[in-house]
Amino acid sequence: MANATLLQDAVAHEVPGAYEAPLFGAYSKKVGMWLFLASDSLTFGALLFAFCYERIYTNWPTPFHVQSIVNSTIMTGCLLSSSLTMVMAVFAAQRGDRAWLRNWLLATMAFGTAFIVLHGLEWSHLIDEGLTLPIFPKSAHAAAGEMADITKNTPQFPQTFFGLTAMHMLHVTIGVIYLGVVAFRKWFLPVLAALWAAGYFLIPTDNVFHYGIHALGLALVVATVILLLKPKVYDAQDVEVAGLYWHFVDLVWMFIFPLVYLLSTKIT
């Protein structure tokens with residue numbers, strides 16, 4: 001009898017999720033992701049609250065102009081498009097179409113990467129104009145000007161701006177790596193290693209993103225450990241969980257975009 005029970009359990013374990021008791025109609029992977037997102041929303045909520053508080057009780061500058069809204073709108077379009085491709089990836093996973101699953105995940109990663117690149121270019125432009133933090137490398141062109149005056153007279157502005165956008169950019173980066181692991185598993189590791197090496201050696205040491213490139217190195221270590229300890233083919237539930245994370249990242253940007261950019265924009 002005991003051997004028969006063990007045999008039944010072993011057979012059941014071959015079916016993803018068949019041996020796992022659901023909680024509130026969802027399996028533990030979804031519940032765990034929902035709990036993480038709930039806790040993560042508190043972090044973003046605190047940063048957004050700080051921004052709103054400073055916006056109300058401080059002589060808040062409006063250094064952004066129409067061009068900033070245009071750039072942010074393009075970035076928003078990238079994330080909204082990535083939400084659509086992520087939904088299509090979930091549908092492909094549910095019908096067991098591995099080829100189109102990879103294609104849609106790759107498209108989602110491409111839109112997310114485009115968002116990161118556009119955001120990085122905007123950061124570089126603002127830093128060159130003088131909107132910086134003390135920990136950032138000093139720019140030779142940022143000694144004077146509107147942005148430099150704001151950094152000097154209203155240091156809360158660059159602190160809240162870079163704090164919010166950096167946190168979100170980090171989440172998008174993690175999401176792209178997450179989807180790469182789900183889509184390509186161990187084959188994504190050499191790609192991630194190549195990206196880290198290219199960023200480390202090609203990005204100048206006096207650029208603020210040279211420090212951020214180490215996030216890719218840390219992600220490489222974590223992804224390697226996960227894929228070596230538990231190599232598996234990710235099923236539809238795993239893709240749905242990844243989709244929950246990605247849609248959360250998109251939703252957060254819908255709050256950051258109007259608050260940070262529109263409320264700090266001078267329409268001229």
Side-chain angles (χ1 to χ4, degrees), residues 44 64-86 89 102-129 131-133 136-137 139 141-142 147 158 161-184 188-220 223 242 245-258 260-261 264-265:
F44 279 105
F64 298 150
H65 301 276
V66 176
Q67 185 60 40
S68 294
I69 295 298
V70 173
N71 293 339
S72 302
T73 302
I74 295 174
M75 289 189 288
T76 303
C78 289
L79 283 188
L80 289 178
S81 301
S82 71
S83 287
L84 175 61
T85 56
M86 189 69 236
R102 291 192 182 94
N103 291 338
W104 288 121
L105 287 180
L106 188 60
T108 306
M109 294 167 61
F111 282 121
T113 303
F115 175 88
I116 296 170
V117 172
L118 291 173
H119 217 327
L121 292 175
E122 183 183 13
W123 262 41
S124 299
H125 175 70
L126 293 173
I127 293 172
D128 287 340
E129 289 189 347
L131 191 69
T132 64
L133 293 176
F136 288 177
S139 174
H141 308 287
M147 295 296 183
F161 170 77
F162 287 118
L164 269 171
T165 56
M167 179 66 73
H168 183 263
M169 197 159 27
L170 175 63
H171 278 68
V172 176
T173 303
I174 294 173
V176 171
I177 297 171
Y178 185 5
L179 296 182
V181 170
V182 172
F184 303 103
F188 185 67
L189 295 179
V191 176
L192 188 56
L195 291 175
W196 173 82
Y200 184 82
F201 291 106
L202 296 179
I203 296 178
T205 56
D206 60 348
N207 189 297
V208 64
F209 290 100
H210 184 81
Y211 307 121
I213 202 68
H214 294 301
L216 293 181
L218 179 61
L220 176 61
Y245 177 87
W246 192 261
H247 292 314
F248 170 79
V249 170
D250 292 353
L251 181 63
V252 168
W253 178 250
M254 297 301 106
F255 287 96
I256 293 178
F257 170 66
V260 174
Y261 287 91
S264 302
T265 300

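Residue numbers start at 1 and run along the sequence shown. Values below: every heavy atom of this structure, side chains too, minus hydrogens, waters and symmetry copies.
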### Task
Give a yes or no on whether the backbone of V249 and the side-chain of H168 come within a donor-acceptor separation of less than 3.5 Å.
yes
### Query
What is the minimum heavy-atom distance between L220 and L189, and which atoms define it?
CD1-O, 3.7 Å
### Message
Tell me every residue that passes ring pair (Phe, Tyr, Trp, His ring centres under 6.0 Å) with F162, counting only those two or more places apart in sequence or in another chain.
### Response
W123, F136
### Message
Once side chain to side chain contact (heavy atoms under 4.5 Å, CB included) is applied, do any residues pair with Y200, and if so which ones, sequence neighbours excluded?
### Response
W196, H210, I213, H214
### Query
Is the shortest heavy-atom distance from the side chain of N71 to the side chain of Y261 under 4.5 Å?
no
### Task
Return each pair, listed once, that meets side chain to side chain donor-acceptor pair (under 3.5 Å) where at least one residue sits in residues 112-121; pairs must be two or more places apart or across chains.
none
### Main-chain N/O of H171 paired with Y245 side-chain donor or acceptor, under 3.5 Å
yes
### Task
Over all heavy atoms of both residues, which pair between T76 and W253 is shortest? Give the atoms and the distance, please.
OG1-NE1, 2.8 Å
### Query
Which atom pair, heavy atoms only, marks the closest approach of L179 to A242?
CD2-CB, 3.8 Å
### Task
Mind checking ring pair (Phe, Tyr, Trp, His ring centres under 6.0 Å) for H125 and listing every partner two or more places apart, or none if nothing turns up?
none
### Query
What residues form a ring pair (Phe, Tyr, Trp, His ring centres under 6.0 Å) with H247, not counting sequence neighbours?
none
### Message
Restricting to non-hydrogen atoms, name the atom on T132 and the atom on P158 that form the minimum distance, rounded to 0.1 Å.
### Response
O-CB, 3.5 Å
#### Entry: Check: V191 and F184 side chains under 4.5 Å, non-hydrogen atoms
no
### Qualifying residues under side-chain hydrogen bond (donor to acceptor under 3.5 Å, both in side chains), relative to W246, sequence neighbours excluded
S82
#### Entry: From M86 atom CE to D250 atom CG, the distance as rounded to the nearest 0.5 Å
10.5 Å
### Query
Around F209, counting heavy atoms of other residues, nucleotides and ligands shown, do more than 12 lie under 6.0 Å from its CZ?
yes
### Message
Using side chain to side chain contact (heavy atoms under 4.5 Å, CB included), reason through F161 and L126 one step at a time and then give a plain yes or no.
### Response
CA-CA 11 Å; F161 170 77; L126 293 173; 3.6 Å; yes
